[in-house]
Amino acid sequence: MQLIATTERVPEKYFKHLTGSTGLYEVRVEVGSDIYRVFSFFDKGKLIVLVNGFQKKTQKTPKQEIELAEKLKKQYFDGKDRK
């Protein structure tokens with residue numbers, strides 16, 4: 001996470017756009033031999049909002065995790081619009 005916060009151009013290995021999504025990005029975090037993914041999106045340029053994370057055990061990202069991230073992103077912006 002510190003790499004993403006302090007580096008101007010983060011390598012795609014650690015932070016990449018999810019193709020076919022509405023602006024979702026995947027943050028890759030390694031803890032020992034385990035790999036975790038945290039979905040995120042941008043709000044107003046440089047603010048990165050982290051929404052949901054999971055331990056990735058296969059090459060393909062589970063569809064239900066992407067759907068959850070899309071739902072949480074919508075809830076976030078809907079909540080902001082009400083203010």
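Just so it is clear, the structure is predicted and the values come from calculations on it, not from any experiment.
Here the CG-CG distance, from L24 to L18, works out to 6.0 Å after rounding to the nearest 0.5 Å. With rounding to the nearest 0.5 Å, the separation of OG1 in T61 from CZ in F54 is 5.0 Å. For the atom pair CG of L50 and CG of L72, the computed distance is 11.5 Å after rounding to the nearest 0.5 Å.
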Which donor-acceptor pairs under 3.5 Å do side chains of residues 31-39 form with protein atoms, sequence neighbours excluded?
{"residue": "D34", "atom": "OD1", "partner": "Q55", "partner atom": "NE2", "Å": "3.2"}
{"residue": "R37", "atom": "NE", "partner": "E26", "partner atom": "OE1", "Å": "3.4"}

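I66 is connected to Y76 through a chain of hydrophobic side-chain contacts under 4.5 Å among Ile, Leu, Val, Met, Phe, Trp and Tyr, so both are in one cluster.
Side chains of S21 and E70: a donor-acceptor N/O pair is absent below 3.5 angstrom, by distance only.
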Item to check | V49 and F42: CA distance, side-chain angles, deciding distance, side-chain contact (heavy atoms from CB on, under 4.5 Å) verdict | outcome: CA-CA 6 Å; V49 180; F42 286 92; over 6 Å; no
Item to check | Audit row: K63, E65, salt bridge (Lys or Arg N to Asp or Glu O under 4.0 Å) steps and yes/no | outcome: CA-CA 5 Å; K63 186 176 180 176; E65 295 293 343; over 6 Å; no
Item to check | Trace of the side-chain contact (heavy atoms from CB on, under 4.5 Å) decision for Q75 with K73 | outcome: CA-CA 5 Å; Q75 287 175 350; K73 179 182 173 195; over 6 Å; no
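With hydrogens and angles disregarded, no donor-acceptor distance shorter than 3.5 Å links the side chain of K44 to the backbone of L47.
Between F41 and V51 the shortest side-chain heavy-atom distance falls below 4.5 Å.
Here K71 pairs with nothing under the side-chain hydrogen bond (donor to acceptor under 3.5 Å, both in side chains) rule; sequence neighbours left out.
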